[in-house]
J.: 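One structure coming up, written as structure tokens, with questions to follow.
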Amino acid sequence: MNGSWAHFESAEYAAALKVIEALKSNGHRAYLAGGCVRDLLLGEEPKDFDVATDARPEQISAYFRKTASVGAAFGVMLVRDFGQTIEVATFRSDGVYSDARRPDSIEYSSPKEDAQRRDFTINALFVDPLADDEAHQIIDFVGGQADVKARMLRAVGNPEDRLKEDHLRALRAVRFAARYGLEIEQGTKEAIRAHARALTGVSIERIGEEVRKMLLHPSRVRACVLIDELELDDAIFGNEQSFEPSVMKTLPESVAYPLALVALAIGRGFTIGDDAQTVCIGYRRALDLSNADRDGMRGIFECLEMLTNRWGAMSESERKRLANRDWAREALVILEAIEPARASAIRSQIEHLESRFGGLCPEPLISGADLIELGIAPGPAYKAILDAVYDEQLEGRIQTQPQAISFVEEQVSRQKTQ
Ligand code: ATP
Ligand code: MG
């Protein structure tokens, strides 16, 4: 709390300051609000700097040259005057949440009420970066500063009520607690557990987005443990299954999403040989995965199965093709955690293959164009011929283009005589 934001250097921060300055010069109150304040106080770099003000949307669009309204109904404007896009929201209190997702209506209100509509105390702080002295920089209506100090995640107001308004807050609690290493306050925890089932009423897009953020962050193990502890797994995945973290613990900090998903599935009981297809379909449905992420999961499971059960019996060309497949590297990361000895043997074999006959994926010696030149009628046989030649090349039995061509000619004449 030493005014660290005042020394913060980023183009976006500078733009947010200019927005605040302009609003103040027009007689308004204007603060940094929400996630950026939390990040700064907890020592993380903010993603974006949001401004909250008592100026109304129509006033904001009058004060700045380049504005757009994102959710005019929610009192949120974008200001683009200073080379960055700054979100400027009018202080508001939210009306009734009849669909447990969005308030039916909002009302412009005071900073205090605006703080009270927010989910957690650490998310409900304002900062006046232009205040004369540091003592007045932080505006705290909800005890957020004390919670930052105690590293505590606490619902603003009555946790039961706040959770019932929007059940997604249960997952937001998990995500923030994991990401910043916070304890969840007892009452907040109990409310989350008591209403865990109701998370099923939240759209899978919103649930999926939260889980994605959790799993992509290095704190993913803690997030998954918390989901387990708070008994949210049933509502998210459609089945109850305790989470065993040993595989996920071995992942590098930064991972492709499908890799984290596979580690999660394994932590939740999947073993090699189980039906991976069903798991991928289930996760896609539960988490609203993109086709690409689902295919990634499937790719990792397939590679994992082949590395585990078939690698030993594979020829050099088969091994090279597998090692070169999308997601094989991710599958090896998983295998490393499950069967380290097997994984390291495979890794050194792959290293060896990389040094043989042009490596794992040498440029093919011949192409479809060469087959046309050889007078072979284009058709479905092309792929089979080219695959056969490439296998020979990967095995080192064919090393030059003339060898490849005579191999093809031999094959074709053999087929003709059959
Ligand atoms: P991040 O962007 O890192 O996910 P954030 O706190 O900035 O975290 P946003 O979703 O960008 O999260 O929301 C900005 C602010 O709006 C939050 O800090 C919080 O004060 C408020 N807010 C967001 N979602 C909710 C919600 N579901 N219920 C109550 N307040 C919310
Ligand atoms: Mg944000």
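Ligands are counted one by one from 1 in listed order, and the atoms in each one are counted from 1 as well.
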J.: For ligand 1, does N123 get within less than 4.0 Å through its side chain, its backbone, both, or neither, judged by non-hydrogen atoms?
T.: both
J.: If you take the nearest heavy atom of each of E165, R172, R118, R117, which one is closest to atom 9 (P) of ligand 1?
T.: R172
J.: If the condition is side-chain contact (heavy atoms from CB on, under 4.5 Å), which residues does N239 pass it with, not counting sequence neighbours?
T.: F237, Q241, R268
J.: Does the pair E305/R310 count as a salt bridge with the N-to-O cut at 4.0 Å?
T.: yes
J.: With a 4.0 Å cut-off on heavy atoms, is D166 in contact with ligand 1?
T.: yes
J.: With a 4.0 Å cut-off on N to O distance, would you call D147 and R154 a salt bridge?
T.: yes
J.: Within a distance under 4.0 Å of any heavy atom of G34, pick out the atoms of ligand 1 and give their elements.
T.: 18 (O)
J.: Using every non-hydrogen atom in the two residues, find where V88 and I60 come nearest and quote the distance to one decimal.
T.: CG1-CD1, 3.7 Å
J.: Hey, what's the ring geometry for F141 with F126, parallel, tilted or perpendicular (30° and 60° as the breaks)?
T.: perpendicular
J.: Would you tell me which option among E209, R179, R169 has the nearest heavy-atom contact to atom 26 (C) of ligand 1?
T.: R169
J.: Can you find a side-chain donor-acceptor pair between E395 and S317 that sits under 3.5 Å?
T.: yes
J.: Which of the numbered atoms in ligand 1 are under 4.0 angstrom from any heavy atom belonging to K213?
T.: 4 (O)
J.: Out of R38, E44, K47, R162, whose heavy atom sits nearest atom 8 (O) of ligand 1?
T.: R38
